[in-house]
Amino acid sequence: MTLSYQSTRGGQKGITASQAVLQGLAEDGGLFMPTQIPKLDVSLEKLASMSYQETAYEVMKLFLTDYTEEELKNCIAKAYDSKFDTEEIVPLAKADGAYYLELFHGSTIAFKDMALSILPHLMTTAAKKNHADKEIVILTATSGDTGKAAMAGFADVPGTRIIVFYPKDGVSRVQELQMRTQKGENTCVVAIHGNFDDAQTGVKKLFGDEAFKAELAEKGFQFSSANSINIGRLVPQVVYYVYAYAKLLDNQEITMGDQINVVVPTGNFGNILAAYFAKQMGVPIKKLICASNDNKVLYDFFTTGTYDRNREFILTNSPSMDILISSNLERLIYLSAGCDAEKNAALMAELGTKGSYTITPEMKEKVADFWGGYATQEEDAAEIKRVFDDTGYLMDTHTGVASAVYKKYAEATGDTTRTVIASTASPYKFSHSVMEAIAGDQSSKEEFALIDEMSDLSGIPVPRAVEEIRHAPIRHNRECDVDSMKAEVADILGI
């Protein structure tokens, strides 16, 4: 069966998977969605004996239907290889009564590696399939992890350039160093004077600037995105939730048909939406527990049915969740509206003009699979310390939020269903905050001294990704105001 894609706002229909990957964002500002979410055509029992790469093929072939078997298997083989420090790719660690799905064993030690290791291969394959004759310019906003993972994925990939915008004071020191030391003649990173939402809105504006796109086309360039607005980012994320259930089966932690809960720390809503897709494909997921930090716009949405970004933007020590405009939520809104693009477009227009919208009671009923919770920065730190003291398991600040929210969910509902918690980054990526949580004030200590101390304390070796930046030269020094992003792109591309 060939699956086609359409915009959540109705402007484009009948788009192939490879065209959607190549384009990134729909021309009308909407996001590409498949005409239906396919069901798994291999049993979960059979998947239980498969490797990560084999599972990836069985899931992704159902969404990326215009890629040949050879093309897709080639993309998967190139993506999930020795750049991951474990053969399993995503191990499940059992601790404190839950299963932590460790998504940080790739080359930049964050969950974004899971999709951004394969996206460059999907995109360059798509360019060949569609006879694209222009250089692809990947334009991306990052709250810390996407930027480095995207640059690492696209570094020196022929026919591509990548430009990443990040909030100057809104990422951890390790995240910033990872980006600013990135090699690759085609990579560029720019610190903006603003927050992540400013960066994301600025990038979306550039995608919607038809005159600028025409100027770029004339010079031989075309835009695409590596953010989770790109369906080529979202589909690979579905894989690890299918794999997690299959591995629990394989390890005899559950029996076939048993339900599991999934907890995901999320800001832009892509990672938890992938779990929702896995549920729609046939994975027996009971509740999708959406964990927010102090920027609890998603918690408020699931509690009230109103999405309202008119609030203070709070900088926290879980910066990848410091987001007030959750782009991927649009895909869920579209589904909850019965795939009514007009209805969805009207709500998104309201968000653009008023900064808020309210869904109908019928739509709210359709998102009842989700349970929203949040943890403050203090609760996050306390949870990191509690789990480490009790079990020796060390987690980063985003996973700490998820773990704290899961505890609240269990207390509020009494639900004892086996639960998988998405562990989205290595604690080494946020060493300062993690060490502060488990050992008190660390303000006088230098980042790499803390990293070595953490290794001694936890027994976890310092990851290669961190060692690489310890003495690496800074290669990127660009900064700009939010309203200068277009001029910055033009300067980088020499137009």
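For the single chain, residues carry numbers from 1 onward in sequence order.
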Inset, instruction - Taking the side chain as every heavy atom from C-beta outward, state whether Thr35 and Ser4 have any atom pair closer than 4.5 Å. - result: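 SC-SC contact between Thr35 and Ser4 confirmed.
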
Legend entry - Leu116 and Arg233, any side-chain heavy atoms less than 4.5 Å apart: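 With C-beta onward as the side chain, the pair touches.
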
Legend entry - Parallel, tilted or perpendicular, as decided by the 30° and 60° cut-offs, for the rings of Phe223 and Phe207: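 Tilted, since the angle between the ring planes falls between 30° and 60°.
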
If a pair satisfies salt bridge (Lys or Arg N to Asp or Glu O under 4.0 Å) and one of its residues is in [range], list it, with sequence neighbours excluded.
| range | value |
| --- | --- |
| residues 300-324 | Lys296-Asp300, Asp300-Arg311 |
| residues 417-426 | none |
| residues 35-52 | Asp41-Lys61 |

Let me confirm one number: the [atom1]-[atom2] distance from [X] to [Y], rounded to the nearest 0.5 Å.
| X | Y | atom1 | atom2 | value |
| --- | --- | --- | --- | --- |
| Leu22 | Ile136 | CG | CD1 | 5.0 Å |
| Asp66 | Thr125 | CG | OG1 | 10.5 Å |
| Asn268 | Gln200 | CG | CD | 4.5 Å |

Inset, instruction - Determine which pairs satisfy side chain to side chain donor-acceptor pair (under 3.5 Å) with at least one residue from residues 273-283, sequence neighbours left out, and list them in order. - result: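 Output for this query lists Lys279-Asp369.
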
Inset, instruction - Could you tell me whether Glu342 and Arg9 make a salt bridge, using a distance below 4.0 angstrom between a side-chain N and a carboxylate O? - result: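 Judged by the 4.0 Å cut-off on N to carboxylate O distance, Glu342 and Arg9 do not form a salt bridge.
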
Legend entry - Electrostatic pair Lys213:Glu210 at N-O distance under 4.0 angstrom: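 A salt bridge links Lys213 with Glu210.
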
Inset, instruction - Check whether any side-chain N or O of Thr8 sits under 3.5 Å from a backbone N or O of Tyr334 as a donor-acceptor pair, and report yes or no. - result: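 A pair under 3.5 Å: no.
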
Legend entry - Side-chain donor/acceptor of Tyr409 to backbone N/O of Gly414, under 3.5 Å: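 Side chain of Tyr409 to backbone of Gly414: no pair is present.
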
Does a donor on one side chain sit under 3.5 Å from an acceptor on the other, for [X] and [Y]?
| X | Y | result |
| --- | --- | --- |
| Lys204 | Ser327 | yes |
| Asn271 | Tyr241 | yes |
| Thr358 | Thr306 | yes |
| Lys112 | Thr146 | yes |
| Asn293 | Gln377 | no |

Inset, instruction - Using the test salt bridge (Lys or Arg N to Asp or Glu O under 4.0 Å), find all partners of Glu362 that sit at least two apart in sequence or belong to another chain. - result: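 Once residues adjacent in sequence are excluded, Glu362 has no partner under the salt bridge (Lys or Arg N to Asp or Glu O under 4.0 Å) criterion.
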
Inset, instruction - Check whether NZ of the Lys or CZ of the Arg Lys73 lies under 6.0 Å from the centre of the six-membered ring of Tyr57 and within 45 degrees of that ring's axis. - result: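 Output yes; distance and angle both within limits.
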
Inset, instruction - Only counting residues at least two apart or in another chain, list the ones meeting ring pair (Phe, Tyr, Trp, His ring centres under 6.0 Å) with Phe154. - result: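 Applying ring pair (Phe, Tyr, Trp, His ring centres under 6.0 Å) to Phe154 gives none.
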
